[in-house]
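Data first, discussion second: the structure below is written as structure tokens.
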There are 2 protein chains.
Amino acid sequence: MDEIDRALVALLQQDAGQAYAALGKAIGLSAGATHERVRKLRERGVIRRTTVDVDPRALGLGVLAFVMVESSAWMGDSAEAFAAISEIEEAHIIAGSASVLVKVRTAGTEQLQDVLRRLYAIEGVSGTQATVTLETFFERPPAL
Amino acid sequence: MDEIDRALVALLQQDAGQAYAALGKAIGLSAGATHERVRKLRERGVIRRTTVDVDPRALGLGVLAFVMVESSAWMGDSAEAFAAISEIEEAHIIAGSASVLVKVRTAGTEQLQDVLRRLYAIEGVSGTQATVTLETFFERPPAL
DNA sequence: GGTGAAATTTCCAGTGA
DNA sequence: TCACTGGAAATTTCACC
């Protein structure tokens, strides 16, 4: 993980569809060597997968909310229960008054309410506190 | 945006690196027709870009935190000020007691503290309330 | 890490439903 | 308008230096 690897990852974050020859030119490497670098980055798990960034609104997902989930029990083994709710994009255990923080995207507020209902159905969940976003400034990949 | 498009987007979210022939086979289309569908999805902005999913820990980013930013003024025009802090992955205007919610990833708690310092330097910011995550259950693309 | 060539894949016509 | 076929052009992906 040297400077070249970092530059490579940054370029791939911007556009993973470009040719190895173009990537190589940008970092001063041949197409073959660039290919080998990328292969190793994948092998080591630095690059998990190549994916597409989709506009949520084009999918009809107009509401984004963050929900603090309070609990009356240890939630450390409840990952699957949260993952089973497809509208949840992220779920994290947090330090603080709540136990779990989830990021939820739904078509509308009715669907958000339904997600809250399903959250309450999870074993140990004793409360929720939803915060609806009014506008997203930006969402971007982690900076290097 | 029919059923085939949705299936296509779902497949691309899982792996954007596969050949059009393989994608087409999975949805019952020829490679050429699949290519044309994807081209139009990009053109219409449904697919914003193809990127790589990077493991933050491999980049030395071990701390993830969400920060509620309180303000004494309208923050609607402050997107650039937040974007200028590279450790901020997301920034959203929210409805509630705070004004802006940001997602921050740093190497350690010292760097997180430095981000808070820079947040206070933004015009109108009057307070912050940081929540550090202890464990991430999952982070995934929006479901279709 | 570079080079070059073989194997794939992309991508564009032309055609038809 | 949408999809299929065939082939040329580009790219990936190897073996070898």
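Quick caveat, the model's predicted, so the values are computed rather than measured. Numbered from 1 within each chain, the chains take letters A, B, ... in sequence-line order.
Nearest nucleotide to the side chain of B:A33, out of D:dA3, C:dG2, C:dT10: D:dA3. Taking only side-chain atoms of B:S30, from C-beta outward, the nucleotide of C:dG2, D:dT5, D:dT12 with the closest atom is D:dT5. Of the listed nucleotides (C:dC11, C:dG2, D:dT11), D:dT11 has the atom at the smallest distance from the side chain of A:A19.
What separates CZ of B:R37 from P of D:dC2 is a distance of 8 Å, to the nearest Å. Per the geometry, CD belonging to B:E3 stands 17 Å off C1' belonging to D:dC2, to the nearest Å. Taking atom CG of residue B:D5 and atom P of nucleotide D:dC2, one finds them 10 Å apart after rounding to whole Å. Between A:K25 atom NZ and C:dG2 atom C1' the separation is 17 Å, expressed in whole Å. Atom CZ of B:R39 and atom P of C:dC12 are 8 Å apart (whole Å). We find that CG of B:L29 is positioned 9 Å from C1' of D:dC2, with the value rounded to whole Å. Straight-line distance from the CD atom of B:Q18 to the C1' atom of C:dT10: 15 Å, rounded to whole Å. Here D:dC2 presents its P atom at 14 Å from CG of B:L8, a figure rounded to the nearest Å.
Put simply, A:H35 has no side-chain N or O that comes within less than 4.0 Å of OP1 or OP2 on D:dT12. Considering only side-chain N and O atoms, B:K40 lies nowhere under 4.0 angstrom from the phosphate OP1 or OP2 of D:dT1.
Taking the charged nitrogens against the carboxylate oxygens, B:R37 and B:D2 do have a contact shorter than 4.0 Å, which makes a salt bridge. Ion pairing between a basic and an acidic side chain is recognised when a charged N comes within 4.0 Å of a carboxylate O; B:E89 and A:K103 show no such pairing.
Using modelled atom types, no side-chain atom of B:Q14 and backbone atom of B:L11 make a donor-acceptor pair closer than 3.5 Å.
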Checklist entry - A:D15 and B:R49: side chain to side chain contact (heavy atoms under 4.5 Å, CB included), yes or no, with the steps? => result CA-CA 7 Å; A:D15 179 9; B:R49 62 175 170 175; over 6 Å; no
